[in-house]
Amino acid sequence: MAKLGPSSYSPYPVAMYESILNPPPGKALMYDEIVDEEIAMREAAKAMLTRDNPTIFPGPQVLYEWNEEAKEKARLVRRIADTLGAKIIPMYDYRPKYPKIDPEKEINPNHPNLTIWHNNIKACIFVGVHCHYANVALKIIRAETDCFTIALCGNAGHEDAMITLRDQHTEELEKFIRVIEEVKRELGR
Amino acid sequence: MSFNIFKINEDLKEFMPPEIVDLEEKATWGNPKRGVMDLPYSKELLEEHSLCAGCPESAAFRYILASLPNPEETIIVNSTGCTSLVFPHIALHTVHSLFGNQNAIASGIKRVLEWRFPDKVKDVIVLAGDGATVDIGLDCTLQSFFRQEKITTICFDNEVYANTGGQESGLTVKGHVFKMAPKGKQWDKVPIWQIAIDSGCHYVARLTVSSPKKVEKVIKQAIYVAREVGPTYVHLYTPCILEIGLNSDDGLEEMRRTDKERFKFFEYMTDEAKEVIQRKKEEGLI
């Protein structure tokens, strides 16, 4: 448990602990290395296709029909899940839920490890989760589980994820689907 | 905020839990005539609560949330106490303030909303217990009345600091004995409803939550008056069955008993408030 990435079990932000910063525009972050977006996408696809119980955690920005982009992104998230053969568990509410959550049906940013432990998830994608809650949840997951985290972020990215893809909008998500299909073919699936 | 925020993207709907889907499909948004009579048929804004079994406060919550005329544009400000345990379960915007600061926070929110959304009606409601309203937050409560802030203040009076083990509060009745007040309270209950009138509230009501329809009427009147005229105050008796030694199913009986005594229905309104209430009645909204 908690063996992935250079900061592994550290509950501190990696930016503070390992001096890892978000990637510049057009680039991606893989562990503590800045790489081309395509390379990161391939690694993300590989992780999701080869690790156990891959799961996508969509947040409110794609779950709800705020605007046309959200609608389109939801469609693409669904396609990504279908292409990967991944499960979808929504993060629809950020408030701590007591006395307990149903870890099969939801993930909560205040104790995301419960859902990951319960479902034995070894790779996950965060998409459409607001930045501050994604940061909190990704730190907890890194410190408490051995789940490989991938952040598909619409803004500047999340250095606490093992792979960070920034500025991910509809065009980039479509590209990600193409990359997944390629990697799938390479893996003979 | 709009009730459209509960519209779920079709592609991901099947992964959402049924209680969230129900908020979109079966909740009463956008209907100012909504009320407690919708409770058996529609999705409630309170999915579940973390209060004790049979707590009258949970009933009060259900009635109040069912009575809000404009839930999609309502913000509730709460404070520390039993009530604050429920807010994470409510499908509305809520703000948890520092203990006692709730009316000051609500004043700020209301003013900013009026400035930011001049073309929209936004209701700001304070929901707090007796400790927050009358003891620790009395200053902020009264100052908001003095300043004529257009907010509705609802006090859940259980006559004790219940979730900290039973200390007496300003609203405890003289002579009442609690676990942490073994000698019995030495002073009279603070007549906060009277103080609210003297401090400039335009609509004041005192009642128990034994009658859901009465609660609905009072809450709607208080909100409509606060929208147009100025501060309003609703005092609800929600006994702490645990601290006064009753069983889970005794709460309603306790409220019915006090309906005839110290919580006999009391209502006060200024002429301006009367005019608003009359108009809303004619419009069929009350």
Side-chain angles (χ1 to χ4, degrees), chain A residues 55-83 86-111 115 119 124-130 133 152 170 173-174 177, chain B residues 1-27 29-30 43-53 55 57-58 61 65 72 75-78 80-97 127 163:
Chain A
T55 306
I56 298 180
F57 300 130
Q61 290 184 99
V62 294
L63 288 170
Y64 294 103
E65 213 182 291
W66 306 95
N67 49 37
E68 283 308 309
E69 196 194 353
K71 227 166 146 178
E72 184 58 16
K73 271 188 167 178
R75 191 182 63 79
L76 291 168
V77 168
R78 182 68 196 262
R79 267 190 63 202
I80 292 173
D82 292 344
T83 318
K87 224 167 128 178
I88 292 182
I89 297 182
M91 186 185 276
Y92 58 85
D93 194 347
Y94 296 143
R95 297 174 296 183
K97 199 169 175 186
Y98 298 114
K100 66 184 180 78
I101 61 157
D102 181 350
E104 287 194 14
K105 295 211 175 84
E106 65 177 300
I107 178 165
N108 187 288
N110 307 286
H111 33 70
T115 301
N119 298 293
C124 71
I125 292 178
F126 271 65
V127 57
V129 178
H130 290 87
Y133 284 104
L152 297 183
T170 46
L173 293 180
E174 274 165 359
I177 294 169
Chain B
M1 180 183 165
S2 144
F3 60 91
N4 280 335
I5 70 153
F6 289 110
K7 216 167 166 198
I8 302 163
N9 272 319
E10 279 303 320
D11 288 285
L12 298 174
K13 206 168 190 167
E14 69 181 272
F15 305 102
M16 293 291 256
E19 66 267 23
I20 301 297
V21 177
D22 282 353
L23 274 176
E24 181 194 347
E25 294 177 351
K26 294 181 191 159
W29 305 109
K43 164 71 184 163
E44 289 186 50
L45 303 186
L46 176 62
E47 171 66 23
E48 56 191 5
H49 66 79
S50 44
L51 299 172
C52 306
C55 175
E57 241 175 41
S58 62
F61 260 110
L65 293 176
E72 57 275 12
I75 291 181
I76 297 180
V77 183
N78 72 299
T80 310
C82 290
T83 50
S84 54
L85 302 173
V86 182
F87 286 95
H89 304 284
I90 289 178
L92 292 183
H93 279 310
T94 64
V95 177
H96 183 93
S97 68
L127 249 172
N163 67 341

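Naming convention: chains lettered A, B, ... in sequence-line order (proteins, then strands); numbering from 1 in each chain.
- Taking chain B as the reference chain and counting heavy-atom pairs below 4.5 Å, the highest number among A:I88, A:D93, A:D102 is found for A:I88.
- Contact between B:M16 and A:P90 at its shortest, heavy atoms only, is SD-CB, 3.9 Å.
- Here the closest heavy-atom approach between residue A:E65 and residue B:I8 is recorded as OE1-O, 4.0 Å.
- Closest non-hydrogen pair, A:P96 versus B:P88, comes out as O-CB, 3.9 Å.
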| request: Report the C-alpha distance between B:E14 and A:R78 in whole Å, list the side-chain angles of each, state the deciding distance to 0.1 Å, and finish with yes or no for salt bridge (charged side-chain N to carboxylate O under 4.0 Å, His left out). | output: CA-CA 11 Å; B:E14 69 181 272; A:R78 182 68 196 262; 2.8 Å; yes
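- Here the OG1-CZ distance, from B:T94 to A:R95, works out to 6.0 Å after rounding to the nearest 0.5 Å.
- Using a 4.5 Å heavy-atom cutoff, the side chains of B:L12 and A:Y92 are not in contact.
- The number of heavy atoms from other shown groups lying within 6.0 Å of CZ (A:R79) does not exceed 12.
- Note on A:A74, A:P58, A:A81: by heavy-atom pairs under 4.5 Å with chain B, the leading option is A:A74.
- The number of heavy atoms from other shown groups lying within 6.0 Å of NZ (B:K13) is above 12.
- Looking only at distances, a side-chain donor or acceptor of B:N9 sits under 3.5 Å from a matching main-chain atom of A:A70.
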